[in-house]
There are 2 protein chains.
Amino acid sequence: MSPRKSVAEARRTRERIVERGVAIASVEGLEGLTIGRLATDLGMSKAGVLGHFGTKQTLQLATLDEAAAVFSRLVWEPARDAQPGLPRLRAICEAWITYLETARDTFPGGCLFTTASIEFDARDGLVRDAVARLFRLWRRRLAGEVRVAVAAGDLPGDTDPEQVAYEMGGLYMALNQEIQLFAAPEAPERTRRALDRLLAPRQDRQDRQDRPA
Amino acid sequence: MSPRKSVAEARRTRERIVERGVAIASVEGLEGLTIGRLATDLGMSKAGVLGHFGTKQTLQLATLDEAAAVFSRLVWEPARDAQPGLPRLRAICEAWITYLETARDTFPGGCLFTTASIEFDARDGLVRDAVARLFRLWRRRLAGEVRVAVAAGDLPGDTDPEQVAYEMGGLYMALNQEIQLFAAPEAPERTRRALDRLLAPRQDRQDRQDRPA
DNA sequence: CCTACCGATCGGTAGG
DNA sequence: CCTACCGATCGGTAGG
């Protein structure tokens with residue numbers, strides 16, 4: 001017949017496309033991710049690439065899914081075994097910093113979610129909805145972890161978990177910019193200082209005291 | 001000869017192009033800002049649009065310049081008359097929030113600088129350099145204002161001005177996302193709460209005290 | 001400032 | 001999974 005591959009081979013090809021797609025989209029955005037570029041990079045035809053998805057939008061959604069899976073693997077899962085509450089929150093924070101600092105192979109252009117959020121925040125459609133869903137999910141998880149930390153007495157009783165999660169999001173966008181736009185080596189340490197203030201374990205302080213400058 | 005216009009008319013046309021360019025780029029990004037789209041929107045020919053700039057890159061730089069001028073007018077200038085230090089810092093913060101909340105005519109897709117930063121942070125070239133220069137300039141101004149506030153005794157003596165300016169940047173990116181992606185009405189108030197904590201006037205507090213919840 | 005054009009690339013389809 | 005194609009749009013140029 002034709003050079004049609006087995007189901008397993010086709011799945012593996014689809015994986016390769018999506019992995020490459022994450023890297024391209026990290027640099028060029030999900031709109032800048034083009035079928036022609038993918039085809040060239042992978043030594044395939046455009047029709048061969050598109051055949052796995054049907055439309056560019058489906059390709060974008062698959063790329064976002066793969067990126068979210070990587071993020072879970074690098075940020076959420078390593079913290080899973082930490083004690084719920086402040087210890088796990090701290091573990092998530094560190095994994096998040098490491099993800100932004102070192103996941104350059106997977107995300108050579110920086111955090112794909114920040115890129116996608118900016119790119120789609122003024123549009124409608126399934127991609128925008130998927131991006132918003134991810135940010136909401138992650139904020140909910142962070143806020144939940146803050147809530148546990150408060151209940152455990154690790155954070156002040158009047159802490160607003162949503163507020164803390166919101167501010168954490170800002171710190172990570174700042175860190176992403178600092179790494180990508182300025183290649184600033186002190187950025188992770190700045191982020192840690194800000195997080196220490198945000199997640200200060202107790203109210204009996206006149207300043208932070210648990211980390212040296 | 002031809003429908004060539006006077007110098008003043010040509011300048012006015014250029015202004016119209018650049019103003020429209022800011023609005024388009026706010027939604028589509030500086031790469032998504034196309035000459036054809038501008039021409040259609042303005043009822044001109046593509047060559048007529050491009051003639052004012054020569055290349056797309058020059059158009060992008062002119063668009064960024066115009067956006068920076070608007071930003072100065074809306075954020076820096078209103079605070080100019082406030083007392084240097086914490087009062088001026090607070091005035092800048094409020095103007096900044098207002099800018100993100102209400103400048104929808106000029107920036108229908110949200111803060112163009114955040115968009116441009118994300119879009120160009122993985123590329124080289126004059127546009128990237130111009131974006132980086134703007135962010136550096138504004139951070140320097142913020143840090144300078146923090147320094148004045150510390151010298152005036154309005155902020156604790158161990159305040160790190162660069163750190164505060166860095167965190168403020170993160171808060172504004174978070175606010176931009178919250179407005180654009182989530183249309184969250186409580187976002188400005190969240191930002192104010194975070195800024196109050198960041199710019200807490202004195203260390204003799206167990207928690208923030210100058211704003212009611 | 002226009003018309004008329006260029007080669008390149010876009011997303012996508014037909015047919016195998 | 002391929003070749004071969006489609007109409008639309010991209011940035012840019014020639015010439016007036």
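Please read these numbers as outputs of a predicted model, since none were measured by experiment. Letters A, B, ... are given to chains in the order of the sequence lines, protein chains preceding strands, and every chain is numbered from 1.
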**Report entry** Whole-Å gap separating P (dA8(D)) and CZ (Arg37(B))
**Finding:** 19 Å
Query raised in the report: Where does DNA chain D pair, written as one dot-bracket string 5' to 3', with Watson-Crick or G-U pairs under 3.5 Å, ( ) inside the strand, [ ] for crossing pairs and | for another strand?
Result: ||||||||||||||||
**Report entry** Nucleotide dT9(C), atom P - distance to CD1 of Ile35(B) in whole Å
**Finding:** 17 Å
Query - Length of the CG-P vector between Leu33(A) and dT9(C), whole Å - result: 16 Å
Report task. Establish, from distance only, whether the side-chain atoms of Tyr172(B) and Thr114(B) form a donor-acceptor pair under 3.5 Å. Result -> no
Query raised in the report: Of the residues in residues 45-61 of chain B, which ones touch DNA chain D at a heavy-atom distance under 4.0 Å?
Result: Lys46(B), Ala47(B), Leu50(B), Thr55(B), Lys56(B)
Query raised in the report: Looking at Trp96(B) versus Phe71(B), is the centre-to-centre ring distance below 6.0 Å?
Result: yes
**Report entry** Nucleotide dT9(C), atom C1' - distance to CG of Leu38(A) in whole Å
**Finding:** 15 Å
Report task. Return the value, rounded to whole Å, for the distance between atom CG of Leu42(B) and atom C1' of dC2(C). Result -> 15 Å
Query raised in the report: What is the distance from CG of Leu30(B) to C1' of dC10(D), rounded to the nearest Å?
Result: 16 Å
Report task. Report yes or no: does Ser26(B) contribute a side-chain atom to a donor-acceptor pair with the main-chain N or O of Gly110(B) at less than 3.5 Å? Result -> yes
Requested in this report: Keeping to residues at least two apart or across chains, list the salt bridge (charged side-chain N to carboxylate O under 4.0 Å, His left out) pairs with something in residues 161-176 of chain B.
Outcome: Arg197(A)-Glu167(B)
Query raised in the report: Does the side chain of Arg193(A) come under 3.5 Å of the side chain of Gln163(B) through a donor N or O and an acceptor N or O?
Result: yes
**Report entry** Short N-O contact, Glu28(A) and Arg123(B), less than 4.0 angstrom
**Finding:** yes
Report task. Could you check how far CE of Met44(B) sits from C1' of dC1(C), rounded to whole Å? Result -> 7 Å
Query raised in the report: Hey, what's the ring geometry for Trp138(A) with Trp76(A), parallel, tilted or perpendicular (30° and 60° as the breaks)?
Result: tilted
Report task. Under the side chain to side chain contact (heavy atoms under 4.5 Å, CB included) rule, what do Val18(B) and Glu15(B) come out as? Steps first, then yes or no, please. Result -> CA-CA 5 Å; Val18(B) 162; Glu15(B) 249 174 63; 6.0 Å; no
Requested in this report: Using a cut-off of strictly less than 4.0 Å, decide whether Thr34(A) has a side-chain nitrogen or oxygen near OP1 or OP2 of dT9(C).
Outcome: no
Query raised in the report: Are more than 12 heavy atoms from other residues, nucleotides or ligands located less than 6.0 Å from atom CD of Gln83(A)?
Result: no
Query raised in the report: Rounded to whole angstroms, how far apart are CZ on Arg12(B) and P on dC1(C)?
Result: 12 Å
